[in-house]
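When reading the values below, keep in mind they use all heavy atoms of this one structure, side chains included, and skip hydrogens, waters and symmetry mates.
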Amino acid sequence: MSFTAFRRRDLLALSFMVFGLSARALPEIGHPDAWGVDYGEATDPAVARSFDLLVLEPDFARPLTPLRGPGSRLLGYISLGEINVARPFAADLEKAGALRQANPNWPQARLVDLRDPAWTKLVLDRLIPAILRKGYDGIFMDTLDNAEAMERQDADRNKGMVAGAARLVQAIRKRFPDMAIMMNRGYALLPQVAAQIDLVLAEAMASRWNFTDGRYEMTSAADWQWQADHLLAAKRINPRLGLATLDYWDMRDRATVASLYARERAAGFQPYVSTLALDRLIPEPHS
């Protein structure tokens with residue numbers, strides 16, 4: 001998410017693709033029957049195996065085999081538009097001049113100059129390989145919409161930031177041609193990278209958390225349609241692209257949660273509904 005939008009911790013977001021052999025028929029790439037996101041430290045294996053696609057926090061050390069269902073895919077979270085200052089590579093990026101101001105909503109996070117070759121090299125040579133070595137099948141890319149927000153904030157200093165973000169995604173695909181890639185939002189660069197990714201996520205599509213009022217709320221019809229238009233335009237560019245949604249709601253309100261799933265699915269999207277914390281997997285409620 002952009003630094004002008006909400007997000008949790010220095011990481012965030014959610015999920016994508018299925019492929020492989022199984023006793024049952026699996027959805028095509030980018031079209032999981034069920035997907036979910038869990039940034040918690042202790043993912044429940046029994047619940048995890050019911051999902052075709054999972055987005056997880058790769059910094060937590062844990063065996064991945066118990067989390068896999070038949071033919072499922074696991075994606076590791078990576079923030080590309082900003083980094084936590086506690087990261088061991090932050091000093092190198094600071095020295096290279098690739099870091100910018102702090103995220104006003106998350107002061108521990110610094111924005112990254114997505115045009116900087118030092119950042120591209122670090123992502124390609126160290127960060128993604130580290131995720132893949134842990135056994136993940138691909139990555140979930142977050143915070144790329146920072147690029148658009150930075151260009152709007154300072155058009156002169158940040159000229160070409162969106163194009164730089166697109167080049168980074170294209171470089172990732174070129175280096176890792178067989179890796180599963182899912183992108184959160186990033187609508188400004190989506191037309192340039194739709195053919196390079198497997199799944200795009202519309203976060204807070206129909207419902208969201210209102211930080212000011214401290215409650216869950218529905219988005220407006222105009223907000224929903226704005227995101228839907230971007231998803232469908234990307235699908236026209238890449239017909240194989242999976243279109244996922246992530247909505248937030250109080251899980252005790254099962255009727256509304258079920259209606260969110262039904263609304264997104266009826267529009268042709270692959271939904272997941274969770275709480276703002278995203279710290280555990282929550283299966284879709286069924287009556």
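What you find for K134 and L64 is that their closest heavy atoms are O-CD1, 3.3 Å. Heavy-atom minimum distance, L144 versus L189: O-CD2, 3.9 Å. Nearest heavy atom pair, residue S259 against residue T256, reads OG-O, 2.6 Å. The minimum heavy-atom distance linking W119 with L114 is given by the pair NE1-CD2, 3.9 Å. Considering every non-hydrogen atom in both L201 and T245, the closest pair reads CD1-C, 3.6 Å. Here the closest non-hydrogen pair linking L54 and A48 is CD1-CB, 3.6 Å.
The side-chain heavy atoms of F51 and S72, taken from C-beta on, include no pair separated by under 4.5 Å. Contact check for L99 versus V112: side-chain heavy atoms found under the 4.5 Å cut-off. Between R280 and D44, the closest side-chain pair of non-hydrogen atoms is not below 4.5 Å. Under the 4.5 Å side-chain criterion, counting only non-hydrogen atoms from C-beta, L232 is in contact with R236. Side-chain atoms of L122 and L127, non-hydrogen and from C-beta on, do get closer than 4.5 Å to each other. Contact of the Q192 side chain with the V162 side chain is registered, since non-hydrogen atoms from C-beta on lie closer than 4.5 Å. The side-chain heavy atoms of V55 and D38, taken from C-beta on, include no pair separated by under 4.5 Å. For the pair L67 and R49, the minimum side-chain heavy-atom distance is 4.5 Å or more.
Neither W226 nor I237 shares a network with the other; the hydrophobic side chains, linked directly or stepwise wherever heavy atoms of I, L, V, M, F, W or Y lie under 4.5 Å apart, form separate groups for each. In the hydrophobic clustering of ILVMFWY residues, with side-chain heavy atoms under 4.5 Å counting as a link, M179 and I131 come out together. Linking ILVMFWY residues whenever their side-chain heavy atoms come closer than 4.5 Å, directly or via other members, places I128 and F89 in the same cluster.
Atom CG of residue L243 and atom NE2 of residue H230 lie 13.0 Å apart, to the nearest 0.5 angstrom. Atoms CG and NZ, on L124 and K174 in that order, are 10.5 Å from each other to the nearest 0.5 Å. With rounding to the nearest 0.5 Å, the separation of CE in M141 from CD1 in I197 is 6.0 Å. Atoms CE and OG1, from M205 and T219 in turn, are 8.0 Å apart once rounded to the nearest 0.5 Å. How far CZ of F176 is from CD1 of I181: 9.0 Å, rounded to the nearest 0.5 Å. The CG atom of L241 sits 5.0 Å away from atom CG of N238, with the distance rounded to the nearest 0.5 Å.
Here D145 pairs with R185 in a salt bridge; the nearest charged N to carboxylate O distance falls below 4.0 Å. Salt bridge annotation for R87-D59: present, with a cationic side-chain nitrogen under 4.0 angstrom from a carboxylate oxygen. Note on E284 versus R265: salt bridge recorded, some NZ/NE/NH1/NH2 to OD/OE distance being below 4.0 Å. Taking the charged nitrogens against the carboxylate oxygens, E217 and R208 do have a contact shorter than 4.0 Å, which makes a salt bridge. A salt bridge is defined here as a Lys NZ or Arg NE, NH1 or NH2 lying under 4.0 Å from an Asp or Glu carboxylate O, and R173 with D178 fails to meet this definition. Salt bridge status for R175 with D125: present, with a side-chain N to carboxylate O gap under 4.0 Å.
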Inset, instruction - Could you walk me through whether T275 and D250 pass side-chain contact (heavy atoms from CB on, under 4.5 Å), step by step? - result: CA-CA 6 Å; T275 63; D250 185 340; over 6 Å; no
Inset, instruction - Before giving the answer on side-chain contact (heavy atoms from CB on, under 4.5 Å), spell out for D92 and R126 the whole-Å C-alpha distance, their side-chain angles and the decisive distance to 0.1 Å. - result: CA-CA 13 Å; D92 292 339; R126 291 176 53 187; 4.0 Å; yes
Inset, instruction - Begin from the C-alpha positions of Y136 and L56 and carry the test side-chain contact (heavy atoms from CB on, under 4.5 Å) through to its verdict. - result: CA-CA 9 Å; Y136 288 89; L56 304 172; 3.9 Å; yes
Inset, instruction - Output, in order, the C-alpha distance, side-chain angles, deciding distance and verdict of salt bridge (Lys or Arg N to Asp or Glu O under 4.0 Å) for R68 and D137. - result: CA-CA 11 Å; R68 293 184 179 276; D137 303 299; 2.8 Å; yes
Inset, instruction - Start with the C-alpha gap between Y216 and W209, add the side-chain angles, then the distance that decides, and say whether ring-ring contact (aromatic ring centres under 6.0 Å, His included) holds. - result: CA-CA 4 Å; Y216 293 104; W209 176 257; 4.8 Å; yes
Inset, instruction - Could you walk me through whether I83 and V85 pass the side-chain contact (heavy atoms from CB on, under 4.5 Å) test, one step at a time? - result: CA-CA 6 Å; I83 66 163; V85 294; over 6 Å; no
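Using modelled atom types and a 3.5 Å distance limit, the side chains of Q225 and D229 yield a donor-acceptor pair. Side-chain contact check for E264 and W224: at least one donor-acceptor pair (N or O, by modelled atom type) lies under 3.5 Å. Between Y248 and E203, the side chains place a donor N or O and an acceptor N or O closer than 3.5 Å (distance only, hydrogens not considered). Side chains of N146 and T143: no donor on one and acceptor on the other come within 3.5 Å. One side chain, Q153 or Q101, offers a donor N or O that lies under 3.5 Å from an acceptor on the other. Checked by atom type, the side-chain pair E148/Y187 shows no donor-acceptor distance below 3.5 Å. A donor-acceptor contact under 3.5 angstrom links the side chains of R62 and T43, judged on distance only. Checked by atom type, the side-chain pair R100/N158 shows a donor-acceptor distance below 3.5 Å.
In this structure a side-chain-to-backbone donor-acceptor pair under 3.5 Å is missing from Q196 to Q170. When atom types are taken as modelled, the side chain of D52 and the backbone of D33 share a donor-acceptor pair closer than 3.5 angstrom. The backbone N or O of I78 sits nowhere less than 3.5 Å from a side-chain atom of D142 that would complete a donor-acceptor pair. A donor-acceptor distance shorter than 3.5 angstrom exists from the side chain of Y272 to the backbone of I282, with no hydrogens or angles considered. Judged purely by atom type and a 3.5 angstrom limit, D213 has no side-chain atom pairing as donor or acceptor with the backbone of R215.
By the neighbour-count criterion of 12 heavy atoms within 6.0 Å, atom CZ of R252 is sparsely surrounded, having that number or fewer from other residues, nucleotides or ligands.
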